[in-house]
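Report on one structure; see the data block that follows.
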Amino acid sequence: RVRHGHFEDNVIENNGLYGISIGHKDTDNLFTHNTVTGNGFSAVYFRKESLKNSGHRNTFRDNTIANNGDVKSGYGFYVEPYAGDILIANNRISDTRSGSNRTQRYAVYRTAGAGSIQLQNNTMEGNVVGEYYEAKR
């Protein structure tokens, strides 16, 4: 239930699953100039909630998102239903490792039923499968 928070200049790394987990009524937050790396599943995870209680209107600007995931899965941003009105702007979302050490599959992964995601001027490179994936409804 974090609302109208401002998270700046943090280093969030090497967590078992998620660097940042957003869910129940976490709305209208701003994340700037953070480094989120080496997390087991994703750097940023928007949890599955009801439409009313989802993490809406969160902004990620000027962050470094890198080298997340394990041998099974890895994402920069992973967005579940019904989180939406998300702005991801001017971030570096990448996997900088080489060969089989690369595990961050997608920079941004939007599941079926997730709300709108706006991508603006991000640098997305080195992700194993692709930069953006949107599951069909």
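Computed from a prediction, not measured in an experiment: that's the story for all the values here. Worth knowing before you read on, the calculation uses all heavy atoms, side chains too, and leaves out hydrogens, waters and symmetry mates.
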Open item on the list: Run the ring-ring contact (aromatic ring centres under 6.0 Å, His included) test against F7 and tell me which residues pass, sequence neighbours left out.
Closed with: F31

Task: Heavy-atom donor-acceptor pair, N127 side chain to I93 backbone, under 3.5 Å - done: yes

Task: Spatial distance of atom CD (E131) from atom OG1 (T123) [nearest 0.5 Å] - done: 10.0 Å

Open item on the list: Do V108 and Y18 land in one hydrophobic cluster if side-chain heavy atoms of ILVMFWY residues count as linked below 4.5 Å?
Closed with: no

TODO: Could you tell me whether the side chain of T103 and the main chain of N68 form a donor-acceptor pair under 3.5 Å?
DONE: yes

Open item on the list: Strictly by salt bridge (Lys or Arg N to Asp or Glu O under 4.0 Å), give each pair with a member in residues 111-130 just once, sequence neighbours left out.
Closed with: R92-E125

- [ ] Taking all non-hydrogen atoms of both residues into account, name the closest pair between A43 and I65 and its distance.
- [x] CB-CG2, 3.3 Å

Task: Spacing of L30 atom CG and T59 atom OG1 [to the nearest 0.5 Å] - done: 6.0 Å

Open item on the list: Would you compute the distance between atom OG1 of T37 and atom CG of N14 and round it to the nearest 0.5 angstrom?
Closed with: 6.0 Å

Task: Nearest-0.5 Å distance, NZ of residue K48 to OG of residue S54 - done: 10.0 Å

TODO: Give a yes or no on whether V129 and Y109 share a hydrophobic cluster (residues Ile, Leu, Val, Met, Phe, Trp, Tyr; joining criterion: side-chain heavy atoms under 4.5 Å apart).
DONE: yes

Contacts under 3.5 angstrom, residues 75-88 side chains, donor-acceptor by atom type, not counting sequence neighbours:
residue	atom	partner	partner atom	Å
E80	OE2	Y45	OH	3.0
D85	OD1	S116	OG	3.2

Open item on the list: Please tell me whether F41 and I20 are part of a single hydrophobic cluster in this structure, the criterion being side-chain heavy atoms less than 4.5 Å apart.
Closed with: no

Open item on the list: D28: which residues meet the salt bridge (charged side-chain N to carboxylate O under 4.0 Å, His left out) condition with it, sequence neighbours left out?
Closed with: R57

Open item on the list: Can you list everything that forms a side chain to side chain contact (heavy atoms under 4.5 Å, CB included) with H33? Sequence neighbours excluded, please.
Closed with: E8, D9, D62

- [ ] Locate the shortest heavy-atom distance separating K136 from A112; write the atom from each residue and the value.
- [x] O-CB, 3.3 Å

TODO: Answer with yes or no whether the hydrophobic clustering places V44 together with Y133; edges join I, L, V, M, F, W, Y residues whose side-chain heavy atoms lie under 4.5 Å apart.
DONE: no

Open item on the list: To the nearest 0.5 Å, what is the distance between OG1 on T35 and CG on N63?
Closed with: 7.5 Å

- [ ] Only counting residues at least two apart or in another chain, list the ones meeting side-chain hydrogen bond (donor to acceptor under 3.5 Å, both in side chains) with T96.
- [x] N67

Task: Pairs involving residues 12-21, ordered by first then second residue, that meet salt bridge (Lys or Arg N to Asp or Glu O under 4.0 Å) (sequence neighbours left out) - done: none

Open item on the list: Has R105 got a side-chain atom pairing as donor or acceptor with K72's backbone, closer than 3.5 angstrom?
Closed with: no

- [ ] Check side-chain hydrogen bond (donor to acceptor under 3.5 Å, both in side chains) between N10 and all other residues, then give those that pass, not counting sequence neighbours.
- [x] N34

Open item on the list: Run the side-chain hydrogen bond (donor to acceptor under 3.5 Å, both in side chains) test against D26 and tell me which residues pass, sequence neighbours left out.
Closed with: none

Task: Residues that S50 engages under side chain to side chain contact (heavy atoms under 4.5 Å, CB included), provided they are two or more places apart - done: K52, N53

- [ ] State whether the side chain of N90 and the backbone N or O of R61 hold a donor-acceptor pair below 3.5 Å, judged by distance alone.
- [x] no

- [ ] Sequence neighbours left out, what passes side-chain hydrogen bond (donor to acceptor under 3.5 Å, both in side chains) with R47? Give chain and number order.
- [x] S21

- [ ] Starting at CD1 of I117, measure out to CZ of F60 and round the result to the nearest 0.5 Å.
- [x] 10.5 Å

TODO: Could you go through the side-chain hydrogen bond (donor to acceptor under 3.5 Å, both in side chains) check for Q104 and Y106 one step at a time?
DONE: CA-CA 6 Å; Q104 188 166 290; Y106 290 96; over 6 Å; no

Task: Set of residues satisfying salt bridge (charged side-chain N to carboxylate O under 4.0 Å, His left out) with respect to D95, sequence neighbours excluded - done: R97

Task: R3 side-chain N/O to N29 backbone N/O, donor-acceptor pair under 3.5 Å - done: no

